[in-house]
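Heavy atoms only: backbone and side chains are in, while hydrogens, waters and symmetry mates are out. Everything numeric here is computed off the predicted structure, so don't read it as measured data.
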Amino acid sequence: MATTIAHEQHGGLAASPGGHAAPEALAAPRGYATHDVLNQPAPLAPYDASEDTALLEGVRREGAGWAEEDLRRLGRLAGSARVQEWSEQANRHEPELRTHDRYGNRIDEVEFHPSWHHLMRTAVVEGLAGAPWADDRPGAHVARTAGGLVWGHTDAGHGCPTSMTYAAVPALRRQPELARVYEPLLTGREYEPGLRVPGEKRGLLAGMGMTEKQGGSDVRTNTTRATPTAEPGVYTLRGHKWFTSAPMCDVFLVLAQAPGGLSCFLLPRVLPDGTRNTFRIQRLKDKLGNRSNASCEPEFDGTVAWLVGPEGQGVKTIIEMVNCTRLDCVMMSAALMRKTLVEAGHHVRHRSAFGARLIDQPLMRNVLADLALESEAATALTLRLAGAADRAVRGDAQEAAFRRIATAVGKYWVTKRGPAFTAEALECLGGNGYVEESGMPRHYREAPLLSIWEGSGNVNALDVLRALGRDTATAQAFFAELALSRGADARLDAAVSRLEDRLAQGSQAGARRLVEQLALVLQGSLLVRHAPSAVADAFCATRLGGDWGHSFGTLPDGADLGSIVDRALPAP
C-alpha cells in the first residue's frame, strides 16, 4: 500500500463531495421542546477500521507484517466521518447511463457521483487494484487482501473494478506481448477516469464479461462470435453479454466462440487510433445491492478484440482471473461481517434496555460473541487463502494445490454465511437497524451478491468435487493443512475423520454438505492453531461438536462470552 496518506492526494478532507461542511465541524443538534434525546448511541465514525486483533495477527502470520503501519493508517481513513459519508453518497446517487451526447452521437458512458471517484482513487493509490503484481516483496498479495478487509468498511461497489483489475493480470500474462503493453498500467497506482486511448493514460482499470442470457455460469454455451481479421491475433466480436460490471473500465477480458472454440479476448473501450470501440450499453442492471457500481448489458457488433491465450482455451485462460476474484468475494464477505459486527457492538455498548446496557445483557452478549466467532473464522480463512495465493505466485506448488481447492471452499462457505450474519447484526440495532440511514440495510442487500458473483454456491461446490476428482495433490494439500492441528482438539479430529468418510462418497447431490464440512474443519484448524482458547473452544464446540442451535446467539453455557467479545470489539 501507498506510504503517503491517500486523501491528501485527492484534495484532502476539508469539504464534503457536495461542498458542505464536514460532519465533524457541525454544531451539536438542538433539543426538542417536548423531549430530550436519550439512550441513543453517538455516531460510530470516526473509528479505526483496522482495530481488529484477528486481522493484524493474520497479517503478521501470513508474511505481510511490514504492511501494518499502512493498514492502520488506511483503517483510520476508512473509519473517518468523511469517508463514511463518501460511501453513503456513492450509493444514494447511483450511476447514470448516457447512451448519446447532446448532438446525437453514441457515447455509451456512465456518470458517477464525485464520491465514487474519491473512493476509487483512494483504493487504487493504496494498492488495492493491480499493484501487488508489481511488488516483489513476499506478502504483497496478503497486504492487498488485508487492505481490502479494512477499506471494505466503506463501500462494496467500487471493490468490483479494483478486484477485476487485480484479477486480470495473471490471465493477461497468457499473451506476453499484450501483457508488456497493459500490465504496467494495470499495476500502477494512478486513477485516471474517462475514456481515452489506454496507452496514453497513466493507469488503467479492467473489467470482465463472461455470462450470457442463455447460459449464465455455463459459459461454454456462449453464442458471441469471434471472427479473425487479416491481422494476426486480432478479431471482431458480435454478440451480447448479460452481466458486465464497471462498463467505464478501460479494457475487458471477455469470452467468445472463435473458430477453434471458446476463447478469451482483450477488448478495449477505445482503440489505439483514438476511435471508440463498439460497446453499446443496452441498459444498466437494476440490482438488489451493489448500487454504487454500474453493471450493464453490452452489445458487440464488429467490436475489435485481441486473442489472449490459444483459441479454444478460453476457460483455462480466464480461470486465473476467476480464482483471484473468488478470493475477493471471500474477502468482501469477511469485511461486511466485520463492519456490521463493529456497528452492532457500538450500538449495544451505548444502548440500554430493561435496566442495563445491552452489551451487559447475557443473551445479547451471547449473540455478539457468536457473531464474533463467525467473523474471526472468516477473517482467518481469508488471510490464509491470501497467503496461499501469495506463495503460489512465487512458485510454491504445495500452496498452489491448497489454493486451488481452499479458495472454492472458502468462496462457498464464507459468502453463504454473510446474509445470515448481516441480518443478525442488523437485528442487534432493532428498528434503528432497519432504517436506511443506519447503513445496515445497504450492507444487508450487499451480502447475497458475494455468493452469486463468480459462480453461485452450486458452481463452487461442483468445482470442489472436480478438483478432488482430477488431482490427488489438491486433497493431499488440504489434509496436510488440517494435519497441522491434529491432536489439539478432539472435536476437530472427529470432524476430520467424518470428512474423510464423506469424501469416499463424493456424490453431486451431497456436494454442498461436503464443502460445508471442508470449510468448517479448515476454519477450526486455523482457530485451534492461532486463536485464543476461548475462541477456538467455542468454535469447535458449536460448529464441529454440535452444541449449537440453528441461529446466532446459541453458544453453550460454558462459552467464555466475555473474552470472545472483548477480543472482537475495538476499544470503546
For this session: Output yes when Glu454 and Lys411 qualify as a salt bridge under the 4.0 Å nitrogen-oxygen rule, no when they do not.
Result: no

Seminar exercise, completed: Heavy atoms of Ser485 and Val528 approach each other most closely as CB-CG1, 4.3 Å

Exercise. Is any side-chain heavy atom of Leu569 closer than 4.5 Å to a side-chain heavy atom of Ile359?
Worked result: yes

Exercise. Just checking, any donor-acceptor pair under 3.5 angstrom between side chains of Gln517 and Arg502?
Worked result: yes

Exercise. Do other residues, nucleotides or ligands put more than 12 heavy atoms under 6.0 Å from the CZ atom of Arg529?
Worked result: yes

Exercise. Do the side chains of Tyr412 and Arg512 get nearer than 4.5 Å, heavy atoms only?
Worked result: yes

For this session: Output every pair passing ring pair (Phe, Tyr, Trp, His ring centres under 6.0 Å) with a member in residues 346-391, not counting sequence neighbours, ordered by first then second residue.
Result: His346-His350

Exercise. Which heavy-atom pair separates Leu518 from Val521 by the least distance, and what is that distance?
Worked result: O-CG2, 3.3 Å

Exercise. Heavy atoms, side chains only, cut-off 4.5 Å: are His153 and Val83 in contact?
Worked result: no

Problem set entry | Interatomic spacing from CH2 in Trp151 to CD in Glu126 - rounded to 0.5 Å | 7.5 Å

For this session: For residues Leu492 and Leu544, report the shortest heavy-atom separation together with the two atoms involved.
Result: CD1-CD1, 3.6 Å

For this session: Return the minimal non-hydrogen interatomic distance between Cys329 and Thr415, and the atom names on each side.
Result: O-CG2, 3.7 Å

Problem set entry | Matching residue for Cys160 among Leu449, Asn293, Thr165 - test: side chain to side chain contact (heavy atoms under 4.5 Å, CB included) | Asn293

Problem set entry | Contact check, side chains of Glu68 and Val59, non-hydrogen atoms, under 4.5 Å | no

Problem set entry | Rounded distance [0.5 Å steps], CG in Leu341 versus CD in Glu424 | 11.5 Å

Exercise. Would you find a donor on one side and an acceptor on the other, under 3.5 Å apart, between the side chain of Arg357 and the backbone of Arg351?
Worked result: no

For this session: Please indicate whether Glu427 has more than 12 foreign heavy atoms, meaning atoms of other residues, nucleotides or ligands, lying under 6.0 Å from its CD.
Result: no

Exercise. Should the pair Lys285 and Trp242 be classed as cation-pi, given the thresholds of under 6.0 Å to the six-membered ring centre and 45° from the axis?
Worked result: yes

Exercise. Are Glu399 and Arg384 ion-paired here, with the side-chain N under 4.0 Å from a carboxylate O?
Worked result: yes

Exercise. If you draw a 6.0 Å radius around CG in Asn39, do more than 12 non-hydrogen atoms from other residues or ligands fall strictly inside?
Worked result: yes

Exercise. So does Arg466 have more than 12 non-hydrogen atoms from other groups sitting under 6.0 Å from CZ?
Worked result: yes

Exercise. Does CD in Glu437 sit with more than 12 non-hydrogen atoms of other residues, nucleotides or ligands closer than 6.0 Å?
Worked result: no

Exercise. Quick one: are Arg72 and Val150 in side-chain contact, heavy atoms under 4.5 Å?
Worked result: no

Exercise. How far does NE2 of His443 sit from OG of Ser438, to the nearest 0.5 angstrom?
Worked result: 7.5 Å

Exercise. Is the closest basic N to carboxylate O distance between Asp70 and Arg73 below 4.0 Å?
Worked result: yes

Exercise. Is the shortest heavy-atom distance from the side chain of Arg338 to the side chain of Val342 under 4.5 Å?
Worked result: yes

Exercise. Is a side-chain donor or acceptor of Ser375 paired with a backbone partner of Leu371 at a separation under 3.5 angstrom?
Worked result: no

Exercise. Does Arg442 come within less than 4.0 Å of Glu446, counting only side-chain N to carboxylate O?
Worked result: no

For this session: Tell me, yes or no, whether the heavy-atom count around Glu69 atom CD, taken from other residues, nucleotides or ligands under 6.0 Å, exceeds 12.
Result: no

Problem set entry | Pair Arg326 + Asp463, salt bridge at N-O below 4.0 Å | yes

Exercise. Is atom OH of Tyr47 surrounded by more than 12 heavy atoms (other residues, nucleotides or ligands) closer than 6.0 Å?
Worked result: yes

Exercise. Any Lys/Arg nitrogen of Asp566 or Arg365 sitting under 4.0 Å from an Asp/Glu carboxylate oxygen of the other?
Worked result: yes

Exercise. Are the charged groups of Asp493 and Arg498 less than 4.0 angstrom apart, N to O?
Worked result: no

Problem set entry | Spacing of CG belonging to Leu526 relative to CZ belonging to Phe539, to within rounding of 0.5 Å | 9.0 Å

For this session: State plainly whether the residues Asp155 and Arg291 are in salt-bridge range, i.e. N to O under 4.0 Å.
Result: no

Exercise. Are the side chains of Trp413 and Leu381 in touch, meaning some heavy atoms are under 4.5 Å apart?
Worked result: no

For this session: Please round to the nearest 0.5 Å and tell me the distance separating atom CG of Leu368 and atom CG of Leu561.
Result: 10.0 Å

For this session: State plainly whether the residues Asp390 and Arg403 are in salt-bridge range, i.e. N to O under 4.0 Å.
Result: no

Exercise. Taking all non-hydrogen atoms of both residues, which atom of Ala143 and which atom of Trp66 are closest, and how far apart?
Worked result: CB-CH2, 3.8 Å

Exercise. If you take all heavy atoms of Ile564 and Ala372, which pair is closest and at what distance?
Worked result: CG2-CB, 3.9 Å

Exercise. Hey, mind stepping through Asp370 and Arg543 against salt bridge (charged side-chain N to carboxylate O under 4.0 Å, His left out) and telling me if it holds?
Worked result: CA-CA 11 Å; Asp370 212 352; Arg543 277 67 170 174; 2.8 Å; yes

Exercise. Is any NZ, NE, NH1 or NH2 atom of the basic residue among Arg567 and Glu376 found under 4.0 Å from an Asp or Glu carboxylate oxygen of the other?
Worked result: yes

Exercise. Considering residues, nucleotides and ligands other than Glu436, do more than 12 of their heavy atoms fall under 6.0 Å from its CD?
Worked result: yes

Exercise. Side chains of Glu212 and Thr221: closer than 4.5 Å at any heavy-atom pair?
Worked result: no

For this session: Classify the ring geometry between His118 and Trp86 as parallel (under 30°), tilted (30 to 60°) or perpendicular (over 60°).
Result: tilted

Exercise. Hey, what do you get for CG (Leu462) to CD (Gln508), rounding to the nearest 0.5 Å?
Worked result: 5.0 Å

